[in-house]
Amino acid sequence: MSESPKVITRFAPSPTGYLHVGGARTALFNWLLARNTGGQYLLRIEDTDLARSTEDATRQLVEDLSWLGLKHDNAELVYQSKRLSIYNKIIDELVSKNLAYEAWESSEELTAMRQQAERAKRSFIYRRRNYSADELKRFSDEGRKPIIRFVMPVKEYRFHDVVLGKEVAQPAQESQDFVIRKTDGMPTYHFGVVVDDAQMKISHVLRGLEHLKNTFNHIALQDALGYDRPIYAHLSVMLNPETGEKLSKRDRDRRIRKRTQEVMRSSKKSIDEMAAMSQIELPRFTDWLNIDTQQLDLTEQPRVMKAVGLKESDLPEVMVNDFRKNGYAPEVLLNFLALQGWSTGDNVEQMSVSDMVQRFSIDRLNSANPKFNRDKLRSFSTTFFTSCGPVRLMAALKDFLLANPRSPLNRATDVQLARVLEINMGFHVLSEMEEKSRFLFIEDDQIEYDVSAVEKTLIKNDKQGLIALKTVRELLASVENFTHENTKAVVEAYCVLSGLGLGKVAQPIRVAVCGTTISPPIFECIEMLGKTRTLNRIDRCTSHCETV
RNA sequence: GGCCCUGUCGUCUAGAGGCCUAGGACACUCCCCUUUCACGGGAGCGACACGGGUUCAAAUCCCGUCAGGGUCACCA
């Protein structure tokens with residue numbers, strides 16, 4: 001009896017697709033608490049919403065969680081949809097004890113009742129009502145199916161919340177007979193959670209603040225069923241820094257929409273033209289552009305993005321998978337997420353996962369809602385990648401390429417990838433270094449020249465840059481062993497001779513070789529490309545300039 | 001709107017009545033390094049939402065105002 005009970009936490013998402021960062025943080029805190037205390041962290045799939053839950057969504061969810069490294073301790077996943085008989089047995093018992101009952105109002109009738117209450121400026125509280133025999137007959141003649149409601153004892157409910165650090169109460173008059181079984185026979189969230197948490201012996205419930213009010217329902221149910229009450233901790237919600245509202249997938253569409261409107265304004269494109277460019281039918285496109293809740297689907301989104309010149313990495317990451325695709329390492333995401341609503345208390349911020357496990361404490365959780373600002377995450381990522389060592393780096397890059405199968409870097413050998421990482425040292429995220437390096441792995445004739453880069457470094461000032469480029473081309477051609485040391489020595493010698501700064505010569509080479517003014521160190525780049533391809537690209541660029 | 005929660009630099013936060021002239025990190029500004037973009041080094045700007053109390057003493061406790069958020073489903 002004296003031995004302290006084991007900590008058992010859980011993450012209980014409903015499978016609606018890829019994992020949201022908010023969910024990831026909830027999972028993380030539950031996982032950290034379990035790891036820190038030597039307890040268990042369990043994963044349960046709340047798939048009682050038949051319309052929305054799919055196997056595919058569950059697969060994606062589990063994939064994201066495993067990418068993050070938040071491994072659950074239950075060998076078999078718990079699916080609520082597979083536990084119907086358990087719920088039904090308990091519900092039937094409640095009904096037989098008169099602690100729950102059948103209610104026959106349809107959803108339409110209920111909304112009508114709610115609207116009526118709203119008009120009368122009352123809050124709508126459902127309490128049990130009796131049906132006459134005639135009514136009941138009519139309902140069953142109509143083919144109606146009843147829902148089951150729990151008789152919530154009318155009294156004040158209170159519980160202690162660890163994050164708030166105090167008791168929270170709900171006044172008696174807000175007690176309401178909430179639904180525990182739906183017409184389709186599935187239990188509601190409230191019922192499923194209470195039963196499962198009890199049966200899984202969950203000791204600590206760490207969940208989003210949006211569940212705070214639900215907790216009163218849950219403790220009422222626990223009392224009726226004779227269950228122990230777990231320790232509750234309601235986590236703050238992460239906010240979109242631009243809107244100040246709950247972080248949402250829609251934020252990505254908002255960014256695209258905003259950009260589309262900007263493009264339409266600046267280039268004076270009509271809505272018909274924009275729709276055509278995006279290959280989307282006009283009515284659909286108009287709807288999306290004007291209605292904030294409308295979202296583009298997976299095929300439409302890339303087309304609109306292309307039409308308005310947006311890259312994947314320009315969109316705000318919201319789902320865990322977005323972070324993966326943009327080239328963040330999971331441990332960095334976890335580190336940053338942990339700091340949204342939790343702190344070590346001693347100026348330590350950048351931590352390994354095991355540091356976090358060691359330092360985690362449930363009573364250092366914050367109650368204010370943080371704005372999710374990605375700048376700091378980006379900075380954490382930079383320090384991580386510059387210090388994690390070549391093995392971890394390579395693994396991260398391989399994972400990134402797996403998530404980005406269309407990247408030209410997929411054509412590189414391991415040796416080349418290692419070299420690319422080396423010469424890019426100091427990059428923020430893998431997508432950034434990928435964008436900067438992809439020119440190394442595409443065909444010479446696929447290089448696209450940036451108009452302003454060509455103008456600025458080659459054409460401007462009587463084609464000085466172009467002239468230098470032509471001279472340097474011959475010098476490079478004469479280099480026997482095409483190493484970066486050798487090419488650099490040749491070019492530097494030319495600079496001394498001609499009195500030009502290195503930049504005046506290096507930039508034209510850069511533009512010739514990669515098409516833009518931005519690249520990893522240029523001599524390392526041309527070494528990777530080799531002499532033939534380097535000269536080839538310079539020649540192609542030279543003739544491109546003649547045509548300008 | 002009802003109910004509930006929350007307010008410290010632009011952002012994430014440290015702060016448990018005197019250790020606070022309020023600390024750190026990111027961002028920002030300037031300088032240095034530099035063949036571009038970055039990385040790195042150095043310096044700087046910058047907050048207790050407001051108003052009342054309580055107290056010898058308040059960022060910290062109390063009240064009010066204001067602001068923000070959550071929630072009001074047969075969705076979880």
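Proteins come first, then strands; the chains are lettered A, B, ... in the order of their sequence lines, and each starts at number 1.
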Phosphate OP1/OP2 of [N] contacted by [X] side-chain N/O (<4.0 Å):
X	N	value
A/Arg158	B/rC4	no
A/Arg114	B/rC74	yes
A/Lys246	B/rG68	no
A/Lys166	B/rC4	no
A/Lys182	B/rC75	yes

In terms of side-chain heavy atoms of [X], which of [options] is nearest?
X	options	answer
A/Val168	B/rU36, B/rC4, B/rC26	B/rC4
A/Lys213	B/rU13, B/rC74, B/rC4	B/rC4
A/Ala368	B/rU36, B/rU6, B/rU71	B/rU6
A/Val237	B/rG69, B/rU35, B/rC12	B/rG69
A/Phe380	B/rC74, B/rC12, B/rA25	B/rA25

When we call it a touch if two heavy atoms are under 4.0 Å apart, what does A/Gln173 touch: a base, just sugar-phosphate, or nothing? nothing

Look at all strands and tell whether A/Leu339 reaches a base, only sugar-phosphate, or nothing, counting heavy atoms closer than 4.0 Å. sugar-phosphate

Using only heavy-atom distances, determine whether the side chains of A/Glu527 and A/Thr487 contain a donor-acceptor pair under 3.5 Å.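 The answer is no; no qualifying pair exists.
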
Is it the case that A/Asn214 and A/Tyr189 place a side-chain donor and acceptor less than 3.5 Å from each other? no

Comparing nearest nucleotides in RNA chain B, the 5'-proximal residue of the pair A/Gln80, A/Pro521 is A/Pro521

Please compare A/Phe427 and A/Pro171 by the position of their nearest nucleotide in RNA chain B and report the one closer to 5'.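 Its nearest nucleotide being more 5', the pick is A/Pro171.
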
Taking the cut-offs as 6.0 angstrom to the six-membered ring centre and 45 degrees off its axis, would you call A/Arg149 and A/Tyr126 a cation-pi pair? yes

